[in-house]
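As structure tokens, the structure follows; a few thoughts come after it.
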2 protein chains.
Amino acid sequence: MTGIDEVARATGVSTATVSRALRGLPNVSETTRAAVRRAADELGYVASSSASGLASGRTLAMGVVVPSVSRWFYTSVLEGVDAELRSASYDMILFNLGGHRGDRERVFHRSILRKRTDALLALCLDFTADERHQLASIAHPTIVVGGPVKGLRSVGIDEKGTARTATEHLIQLGHCDIAHLGGEDEEGLNKQVPIGRLHGFQAAMRDAGLPVRPEWIIPGGFSLPESRAAMNALLDRAGPRPTAVFAGSDEMAMGAILAAYDHGLRVPDDLSVIGIDNHDFAESFGLTTMAQDPFDQGAVAARILLDELGGAEPRTRSVRMPASLIVRSSTAAPAAVPALA
Amino acid sequence: MTGIDEVARATGVSTATVSRALRGLPNVSETTRAAVRRAADELGYVASSSASGLASGRTLAMGVVVPSVSRWFYTSVLEGVDAELRSASYDMILFNLGGHRGDRERVFHRSILRKRTDALLALCLDFTADERHQLASIAHPTIVVGGPVKGLRSVGIDEKGTARTATEHLIQLGHCDIAHLGGEDEEGLNKQVPIGRLHGFQAAMRDAGLPVRPEWIIPGGFSLPESRAAMNALLDRAGPRPTAVFAGSDEMAMGAILAAYDHGLRVPDDLSVIGIDNHDFAESFGLTTMAQDPFDQGAVAARILLDELGGAEPRTRSVRMPASLIVRSSTAAPAAVPALA
DNA sequence: TTGAAAGCGATACCAA
DNA sequence: TTGGTATCGCTTTCAA
């Protein structure tokens, strides 16, 4: 592998100058810089990340911690983070918790402390006191996407407000019997997200003077199959059925739609369904939803970290990103009751 | 940040011994090792990856190149790779090409040469001659998942054979008018995958003496929305309609199912649909499919690289992984024609 | 604008 | 089994 001294030799300058020239630092004559660049290209020289990391104290890599990589929201954020890192020539080190409980330790103890990364971006995680302490002690810029998280700034939508708007959409259409498909999330993930959505639902119902039936608040695990099963179970029960469902995510909403089909119900005629996300499949399903843009959220979060690594003043406040209603064909006024709007 | 010499001082041994003790190398008395471990824990010491990388020449990180992170197959492979890396205490550096054309250069020139990684695992990529040369010149263990790729070993299913089996399933049910929803992939991705599947389809049709109508071979871009649109276009056309569709992936198959619904067709009564993958949603869609296990494929590929990094003999041959038919409710005999089976 | 030389924090060889 | 020390390849003062 070509080393810096070979480039220096080829150019007739010192290694110090080569280093400066290649990194675009000032105080290098343009002629020298050009010569160095050419030589480096010809020799195929690229600085070793270990060596420069050791010498400079910066790895030019960002750690990204994800709960899993198989959910639309996470991968979309990842794409956004990636786009931003790319533009800054930063590499991404991906820590996938993927249900492996004990693995958090790997991230917090081994990797961060190993100085493999310059900063850390976490998705939808909740941190233990110990972990938060760990993070603080390293003076590593850190941020969370899909918050909020106690003691850390985050980037994300207003969970409660978004859920409220979704629910109000159904109420305005004239629905009174509304179920909520919620996302009971796994241990260690940020429970504030599903909880915020539940609270928004309850608040909207309360404000409209509508009853919230406990048995109509069912867990969908943020997944289509689980939601479909849960919704089917609800529809199987004797007694009155809801005329609408507010699902805490589009994937769950799709599960609800399929469950409606399973029961021979038409959407939106017999059952209205609204979700949150604007998932890639939402349009295909004709799904009315509260659209958010996780790509953007990831990009914004990454940009904040990069700016701070670049010397910018740390921003302490969280960033609230927008969410907006997109009406498609999965919601309509209930069959018997005329719309109020 | 705690350094190795602080641990050495605290323990009363040399840094050399600390290094050996912590890495589990032989020739360290158990008493010493225990003492060192304890001191390291107390001080919160973890070796700097830059420093050890520089000194040892190994980064304990693997580069993983993905075309994008928003397709089920890729993320599933990623989970498998991750599981294997985790067990070996390797970190994952994720290079997401994500449609950013020029970005391949980043991977092949900057990152690999920068020695940020010890090995490289690529998903469904096709390499240019230059890139292949680049890879070879670094003596970096490399492998591809979702091949085959000229000049590189790969891990993947028998594309053609799998497609043939899928098509034969439809033929055995009595279908003669079969369309193929194919995956015209993007530039730079491995075209062998969609091409292999197309060839398998054609071969099965030919062997059965069935005609292949060019206008019934339509591109679905490996995506649900695109496939739904393409399928809708096909169903819109005047003239005879196919009674069955072989989709090159489950996501495309789902698009076909939704298109059938768009046209008021019932599945499987009016249209049978089969896919490839056994996607997370396949069961919910009642989709008959050729199941493959990308998680496993990723794990196997990662294991091969890790073994070689551990000193194992390089394996030169590609690995063929299994795929098997799962019959669900999206396929049945055509309405008019009785099943042959 | 450039060069010389001192680290950065581990690893690995050679002695002991 | 352990310690001393050269070394990995670059960055970064400090001088020139």
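Chain naming here is simple, since letters A, B, ... match the order of the sequence lines and numbering starts at 1 in each.
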Counting only side-chain N and O atoms of [X], is one of them less than 4.0 Å from OP1 or OP2 of [N]?
X: B:Ser48; N: C:dA10; answer: no
X: A:Ser14; N: C:dG3; answer: yes
X: B:Tyr45; N: C:dG9; answer: no
X: B:Thr15; N: C:dT11; answer: no
X: B:Ser29; N: D:dT2; answer: yes

Side-chain donor or acceptor of [X] paired with backbone N/O of [Y] under 3.5 Å:
X: A:Ser29; Y: A:Thr32; value: yes
X: B:Arg58; Y: B:Leu60; value: no
X: B:Glu84; Y: B:Val81; value: no

- Query: Rounded to the nearest Å, what distance is computed from the CZ atom of residue B:Arg58 to the C1' atom of nucleotide C:dT11?
  - Reply: 13 Å
- Query: To the nearest Å, how far apart are B:Leu25 CG and C:dA10 C1'?
  - Reply: 13 Å
- Query: If each of B:Arg20 and B:Leu54 is mapped to the nucleotide of DNA chain C with the nearest heavy atom, which maps nearer the 5' terminus, i.e. the 5' end?
  - Reply: B:Leu54
- If we only count heavy atoms from C-beta on, is the B:Arg153 to B:Val144 side-chain gap below 4.5 Å? no
- Note on the structure: Testing D:dG3, D:dG9, C:dT11 for proximity to the side chain of B:Ser56, the answer is C:dT11
- Message: Taking any heavy-atom pair under 4.0 Å as a contact, classify B:Thr32: base, sugar-phosphate, or nothing.
- Response: sugar-phosphate
- Message: Regarding B:Arg23, tell me which of base, sugar-phosphate or nothing describes its non-hydrogen contacts under 4.0 Å with the strands shown.
- Response: sugar-phosphate
